[in-house]
Amino acid sequence: MDLIHLQDTDGNRCIVRVTGRSQPGVLTGHDILRADVVVSASFVDARLEMCLSQQDLSSWQQALAELTPGGNASVGGDGGLNLGIHVNDERSVSVWVEDPDRLTTAFMIRPPDNWVEEHHDRLRHVQQAWPREVVETTSTAYEWTLERRQNSASQPT
């Protein structure tokens with residue numbers, strides 16, 4: 001499921017495709033999502049891996065809500081891949097990808113007019129497909145959410 005899908009008629013594209021949970025069933029890794037990042041422009045064609053936390057998704061949601069021409073939104077980071085978008089004007093955005101171990105690049109995309117609203121919808125779909133199911137009760141102590149425990153208890157064994 002694509003969290004980010006920016007593409008233009010010149011063949012420039014940036015896609016963040018969420019592929020699933022990092023460690024399903026393991027409290028500390030269950031809510032971390034795996035994603036493939038595909039970037040393509042005339043000078044770059046790369047496929048990279050990215051991990052997204054629930055905090056990353058919340059930050060992305062807030063950044064999208066506040067995005068205006070001249071503004072930035074980013075997702076990821078924390079020592080891993082960081083992807084950012086700068087809104088140049090109503091017609092174009094600059095995309096940058098920084099992966100400390102493999103690649104740093106930037107390029108321009110001319111997305112469709114409704115791309116921000118579309119990305120709010122994409123985020124909602126990702127959050128519905130992989131909801132938060134783990135809570136941190138104290139520093140480094142985790143447990144399943146009440147909803148997850150109730151769903152697990154109601155399933156036949």
Side-chain angles (χ1 to χ4, degrees), residues 1-41 44-136 142 144-145 147-148 151:
M1 180 175 299
D2 291 352
L3 174 66
I4 297 173
H5 192 113
L6 295 170
Q7 190 168 349
D8 65 20
T9 57
D10 295 332
N12 301 314
R13 67 184 176 144
C14 176
I15 299 169
V16 176
R17 182 163 294 140
V18 178
T19 59
R21 293 186 186 275
S22 176
Q23 297 175 317
V26 177
L27 276 170
T28 55
H30 184 79
D31 279 350
I32 305 295
L33 302 179
R34 288 185 330 259
D36 293 328
V37 178
V38 176
V39 292
S40 184
V44 64
D45 193 13
R47 182 179 170 272
L48 307 163
E49 295 177 1
M50 177 181 218
C51 290
L52 297 167
S53 69
Q54 293 294 324
Q55 180 59 41
D56 289 329
L57 297 179
S58 295
S59 295
W60 178 242
Q61 183 174 28
Q62 182 175 348
L64 281 176
E66 298 170 356
L67 200 55
T68 58
N72 296 314
S74 66
V75 65
D78 293 332
L81 189 144
N82 184 32
L83 185 142
I85 297 169
H86 174 80
V87 180
N88 300 321
D89 52 38
E90 293 89 27
R91 313 276 308 148
S92 71
V93 298
S94 296
V95 175
W96 73 89
V97 177
E98 296 177 74
D99 186 329
D101 298 328
R102 294 174 276 189
L103 174 75
T104 298
T105 191
F107 55 96
M108 192 173 73
I109 295 179
R110 297 183 187 282
D113 290 339
N114 65 338
W115 74 271
V116 174
E117 294 82 14
E118 178 185 308
H119 282 78
H120 281 289
D121 290 340
R122 291 180 181 285
L123 174 61
R124 268 192 297 281
H125 291 299
V126 167
Q127 290 171 323
Q128 289 169 353
W130 295 286
R132 178 176 291 204
E133 295 184 329
V134 176
V135 292
E136 187 172 4
Y142 302 89
W144 297 110
T145 61
E147 183 177 286
R148 164 73 187 230
N151 288 341

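If you're wondering where the values come from, they're calculated on a predicted model, not measured in any experiment.
The backbone N or O of Gln54 sits less than 3.5 Å from a side-chain atom of Ser58, completing a donor-acceptor pair.
Of all non-hydrogen atoms in Val87 and Val93, the two that sit nearest each other are CA-CG1, 4.1 Å. The minimum heavy-atom distance linking Pro111 with Ser92 is given by the pair CD-CA, 4.3 Å.
Shown here are the salt bridge (Lys or Arg N to Asp or Glu O under 4.0 Å) partners of Asp89, two or more places apart in sequence or in another chain: there are none. Looking at residues two or more places apart in sequence or on another chain, you find a side chain to side chain contact (heavy atoms under 4.5 Å, CB included) between Glu147 and Thr145, Asn151. Partners of Gln7 according to the side chain to side chain contact (heavy atoms under 4.5 Å, CB included) rule, which considers only residues two or more places apart in sequence or in another chain, are His5, Arg13. The side chain to side chain contact (heavy atoms under 4.5 Å, CB included) check on Asn114 picks up Pro112, Glu117, Glu118, with sequence neighbours excluded. Not a single side chain to side chain donor-acceptor pair (under 3.5 Å) links Asp113 to another residue, sequence neighbours left out. By the side chain to side chain contact (heavy atoms under 4.5 Å, CB included) test, Asp8 is found to be paired with Asp10, Asn12, Ile109, Arg110, residues two or more places apart in sequence or in another chain being considered. For Arg124, the side chain to side chain donor-acceptor pair (under 3.5 Å) partners are Asp121, not counting sequence neighbours. By the ring-ring contact (aromatic ring centres under 6.0 Å, His included) test, His30 pairs with Trp144, sequence neighbours left out.
Judged as a salt bridge (charged side-chain N to carboxylate O under 4.0 Å, His left out), the pairs with a partner in residues 19-32 (not counting sequence neighbours) are, in order, Arg21-Asp31, Arg21-Glu133. The ring pair (Phe, Tyr, Trp, His ring centres under 6.0 Å) pairs that include a residue from residues 46-79 number zero, where partners must be two or more places apart or lie in different chains. Sorted by first then second residue, the ring pair (Phe, Tyr, Trp, His ring centres under 6.0 Å) pairs that include residues 98-119, not counting sequence neighbours, are Trp115-His119.
In the displayed structure, Glu49 atom CD is contacted under 6.0 Å by at most 12 heavy atoms of other residues, nucleotides or ligands.
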Checklist entry - Hey, mind stepping through Asp2 and Arg17 against salt bridge (Lys or Arg N to Asp or Glu O under 4.0 Å) and telling me if it holds? => result CA-CA 4 Å; Asp2 291 352; Arg17 182 163 294 140; 2.6 Å; yes

Next on the checklist: One pair to check against side chain to side chain contact (heavy atoms under 4.5 Å, CB included): Gln61 and Gln127. What are the steps and the verdict?
Outcome noted: CA-CA 11 Å; Gln61 183 174 28; Gln127 290 171 323; 3.9 Å; yes

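Atom-to-atom distance recorded for Ser94:OG and Asn88:CG is 3.5 Å, nearest 0.5 angstrom. Atom-to-atom distance recorded for Gln128:CD and Met1:CE is 8.5 Å, nearest 0.5 angstrom. Rounded to the nearest 0.5 angstrom, Thr28 OG1 and Glu136 CD are separated by 11.0 Å.
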Please table the atom pairs, donor to acceptor, closer than 3.5 Å between any side-chain atom in residues 65-85 and protein atoms at least two apart or in another chain.
residue : atom : partner : partner atom : Å
Glu66   : OE2  : Gln62   : NE2          : 3.3
Asn72   : OD1  : His86   : ND1          : 2.6

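Only one option out of Ile15, Asp45, Leu103 pairs with Val39 in a side-chain contact (heavy atoms from CB on, under 4.5 Å); it is Leu103. Of the residues listed (Leu52, Leu57, Ile32, Leu33), the one engaging Trp130 in a side-chain contact (heavy atoms from CB on, under 4.5 Å) is Leu33, and it is the only one.
A 4.5 Å side-chain heavy-atom check between Leu3 and Leu123 finds at least one atom pair inside the cut-off.
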